[in-house]
Amino acid sequence: MTLNRLSQKRLTGALLAVGLSLSAGAADAALSPEQDALIKKGEYVAVAGDCVACHSTEGGKPFAGGLGLATPLGTIYSSNITPSKKDGIGNYTLEQFEHAVRDGVRGDGANLYPAMPYTSYAKISDDDMKALYAYFMQGVQPVDTPSTPTALPFPFNVRLSMAGWNLLFLEKGAFKADPSKSDQVNRGAYLGEALAHCSTCHTPRNALMAEQGDKALGGSSLGTWFAPNITSDAVSGIGNWSTDEIAGYLKTGHAPGKAQAAGPMAEAIDHSLSHLSDSDLQAIAVWLKQTTPVSQEGQAKAADQFGSPANYVDTLRGVPRPADADTMTGWQVYDGYCASCHQPDGRGSKDGGLPSLINNTALGHLNSDNLVMAILHGVQRGAESKDVAMPAFDHLLSDTQVATLSNQLLKQFGNDQASVTPQRVKELRAGGKPSPLLELAHWGMGIAGLIVILLFALFFVRRRRH
């Protein structure tokens with residue numbers, strides 16, 4: 001039910017538009033210095049919470065909603081959260097705003113789906129909530145445009161069912177600092193647990209799509225992309241990263257010799273994390289370094305410790321390419337589509353602009369979905385990023401070719417315990433597997449229908465006898 005804000009293409013340059021809307025909205029001379037400061041604080045909170053990413057469409061007005069968020073249960077459309085009194089939240093009181101953000105209940109009393117990460121936002125402090133309310137009411141331009149209604153299949157379209165889900169899984173209460181931790185760790189924990197809602201993507205979920213607290217930040221599939229383990233575990237997580245490497249990655253999406261951001265993480269960096277202060281990024285890094293480690297069975301060494309340079313060129317000389325492209329070897333596919341950027345040996349460019357495939361975390365995890373997704377959809381970064389984008393190959397390579405290439409890359413440059421099948425490529429290309437809850441719901445509906453028919457039949461039989 002969560003996510004995939006993360007598999008959607010975000011609004012390019014959205015934060016610039018947000019800044020412009022703040023200038024326009026705050027232009028009313030009646031604002032006092034205190035109110036202006038509160039609005040600016042609220043803008044920073046909104047940036048840390050990455051609100052614009054889900055509530056804006058490409059080419060649309062900031063916060064006007066309408067973005068389709070792909071989830072295992074169907075597409076959920078984000079709502080208009082501008083101060084429009086007609087289509088947005090302009091009529092919300094502070095109490096109604098808090099109820100929506102913290103408890104997932106709209107102003108009209110209807111429940112929100114946890115694609116909106118209110119389970120994390122429940123921890124937002126009272127002061128930040130007031131600042132956030134001031135920003136959305138006075139620092140954002142109203143947009144009188146209704147958002148697309150969400151229409152999930154029955155029974156998930158019954159929003160009241162979320163009230164029961166909330167009773168089971170929503171932990172209420174603002175963030176409480178741990179007195180045994182430093183101010184920096186507590187600041188990082190507040191940012192990571194509440195505003196940046198890291199667990200929404202990086203914590204695995206149970207059968208009812210609720211986060212598994214005992215495996216917090218231990219890595220989770222988002223349907224297509226995979227949010228890796230970011231706990232302090234030195235092998236399965238990022239425990240072998242320095243705080244500077246983590247903070248630098250959060251700011252730029254690049255950790256030299258380790259990783260480069262792609263997919264939903266790249267979007268979160270471009271639109272949110274890269275705009276946080278250096279001190280806040282350091283706080284998040286320090287917090288992550290002391291999180292409870294979560295290990296994964298089968299992960300032999302850290303994801304950035306795999307691979308060696310390739311030397312395959314001589315094996316291709318004089319060997320004709322097969323007529324059937326699906327019978328090409330992994331090195332033939334690599335040579336034709338990858339070597340011009342990543343170099344024949346896989347080392348990438350000397351300046352790091354074209355990343356090395358050696359010691360690259362995209363190839364070092366047991367879950368290889370990110371490798372496949374990068375090949376299919378490329379690495380798209382926002383206009384503000386200086387990173388070189390990787391082109392998409394979904395229209396050039398078949399499922400078999402992508403699987404053949406991926407397995408060759410894993411064998412040479414990555415974790416050879418991981419593997420890719422054409423079937424998995426096909427699933428990822430189609431958007432991932434649907435939730436098993438859908439099938440259970442269909443079976444449940446069928447059984448319920450059969451029971452109703454049997455009851456009716458029994459009723460009429462008894463009536464005829466009577």
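The structure presented is a predicted model; accordingly, all values stated were derived computationally and were not measured. Sequence positions, counted from 1, serve as the residue numbers for this chain.
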Decide side chain to side chain contact (heavy atoms under 4.5 Å, CB included) for Asp103 and Asn111; before the verdict, give the C-alpha distance in whole Å, the side-chain angles of both, and the deciding distance to 0.1 Å.
CA-CA 9 Å; Asp103 303 324; Asn111 288 87; over 6 Å; no
Step by step, work out the side chain to side chain donor-acceptor pair (under 3.5 Å) result for Asp233 and Thr231.
CA-CA 5 Å; Asp233 190 277; Thr231 70; 5.6 Å; no
Side chain to side chain contact (heavy atoms under 4.5 Å, CB included) assessment of Ile246 paired with Ile284
CA-CA 9 Å; Ile246 297 172; Ile284 294 174; 5.7 Å; no
Check step by step if side chain to side chain contact (heavy atoms under 4.5 Å, CB included) holds for Gln290 and Lys181.
CA-CA 10 Å; Gln290 56 83 64; Lys181 305 290 185 181; 3.0 Å; yes
Quick one, Gln138 with Gln35, criterion side chain to side chain donor-acceptor pair (under 3.5 Å). Give me CA distance, side-chain angles, the key distance, then yes/no.
CA-CA 9 Å; Gln138 297 176 271; Gln35 188 66 11; 2.3 Å; yes
Please step through side chain to side chain donor-acceptor pair (under 3.5 Å) for the pair Glu211 and Ser199, ending with a clear verdict.
CA-CA 8 Å; Glu211 295 176 15; Ser199 66; 3.0 Å; yes
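When all heavy atoms of Ile124 and Arg102 are compared, the pair lying nearest together is O-NH2, 2.7 Å.
Applying the salt bridge (Lys or Arg N to Asp or Glu O under 4.0 Å) test to Asp108 and every residue at least two apart in sequence or in another chain returns Arg106. With sequence neighbours excluded, no residue satisfies ring pair (Phe, Tyr, Trp, His ring centres under 6.0 Å) with Tyr118. Judged as a side chain to side chain contact (heavy atoms under 4.5 Å, CB included), and not counting sequence neighbours, Ala174 has no contacts. In this structure, the side chain to side chain contact (heavy atoms under 4.5 Å, CB included) partners of Thr75, at least two apart in sequence or on a different chain, are Tyr77. Considering only residues two or more places apart in sequence or on other chains, Tyr249 meets the ring pair (Phe, Tyr, Trp, His ring centres under 6.0 Å) condition with Trp241. Shown here are the side chain to side chain contact (heavy atoms under 4.5 Å, CB included) partners of Ser78, two or more places apart in sequence or in another chain: His55, Leu67. In this structure Lys86 satisfies the side chain to side chain contact (heavy atoms under 4.5 Å, CB included) test together with Ser84, Asp144, sequence neighbours excluded. The ring pair (Phe, Tyr, Trp, His ring centres under 6.0 Å) search around Tyr190 returns Phe175, not counting sequence neighbours. Under the rule for a salt bridge (Lys or Arg N to Asp or Glu O under 4.0 Å), Asp214 has no partner lying at least two apart in sequence or in another chain.
At least one side-chain heavy atom of Tyr44 sits under 4.5 Å from a side-chain heavy atom of Leu276. Put simply, the side chain of Val379 does not reach to within 4.5 Å of the side chain of Gln260, judged on heavy atoms. At a threshold of 4.5 Å between non-hydrogen side-chain atoms, the residues Phe63 and Val143 do not count as touching. Side chains of Leu208 and Phe169 form a contact here, defined as non-hydrogen atoms less than 4.5 Å apart. Counting heavy atoms from C-beta on, the side chains of Ser406 and Val402 come closer than 4.5 Å. Side-chain contact check for Leu397 versus Tyr337: some heavy-atom pair is nearer than 4.5 Å.
By the neighbour-count criterion of 12 heavy atoms within 6.0 Å, atom CD of Glu171 is sparsely surrounded, having that number or fewer from other residues, nucleotides or ligands.
With hydrogens and angles ignored, the 3.5 Å screen pairs a side-chain donor or acceptor of Asn166 with a backbone N or O of Met162. For Gln343 (side chain) and Gly348 (main-chain N/O), no donor-acceptor pair under 3.5 Å exists by modelled atom type. Within the 3.5 Å criterion, the main-chain N or O of Asn229 finds no donor-acceptor partner in the side chain of His202. A distance-only check finds no donor-acceptor pair linking the side chain of Asp87 to the backbone of Ser147 [under 3.5 Å]. A distance-only check finds a donor-acceptor pair linking the side chain of Ser272 to the backbone of Val47 [under 3.5 Å]. Under the 3.5 Å distance criterion, the side-chain polar atoms of Tyr133 are matched with a main-chain donor or acceptor of Tyr92.
Among residues at least two apart or in separate chains, salt bridge (Lys or Arg N to Asp or Glu O under 4.0 Å) pairs with a member in residues 184-193 are Lys123-Glu193, Arg187-Asp280. Residue pairs meeting the salt bridge (Lys or Arg N to Asp or Glu O under 4.0 Å) criterion with at least one member in residues 242-263, sequence neighbours excluded, are Glu245-Lys258, Lys251-Asp278, Lys258-Asp304. A salt bridge (Lys or Arg N to Asp or Glu O under 4.0 Å) check over residues 347-356, counting only residues at least two apart or in different chains, returns the pairs Asp345-Arg347.
Ion pairing between a basic and an acidic side chain is recognised when a charged N comes within 4.0 Å of a carboxylate O; Lys130 and Asp126 show no such pairing. Classification of Asp399 and Arg424 as a salt-bridged pair fails, no side-chain N sitting under 4.0 Å from a carboxylate O.
The aromatic rings of Phe136 and Phe97 are tilted relative to each other, their planes meeting at an angle between 30° and 60°.
The side chain to side chain contact (heavy atoms under 4.5 Å, CB included) test with Leu363 is passed by exactly one of Asn370, Leu409, Asn415: Leu409.
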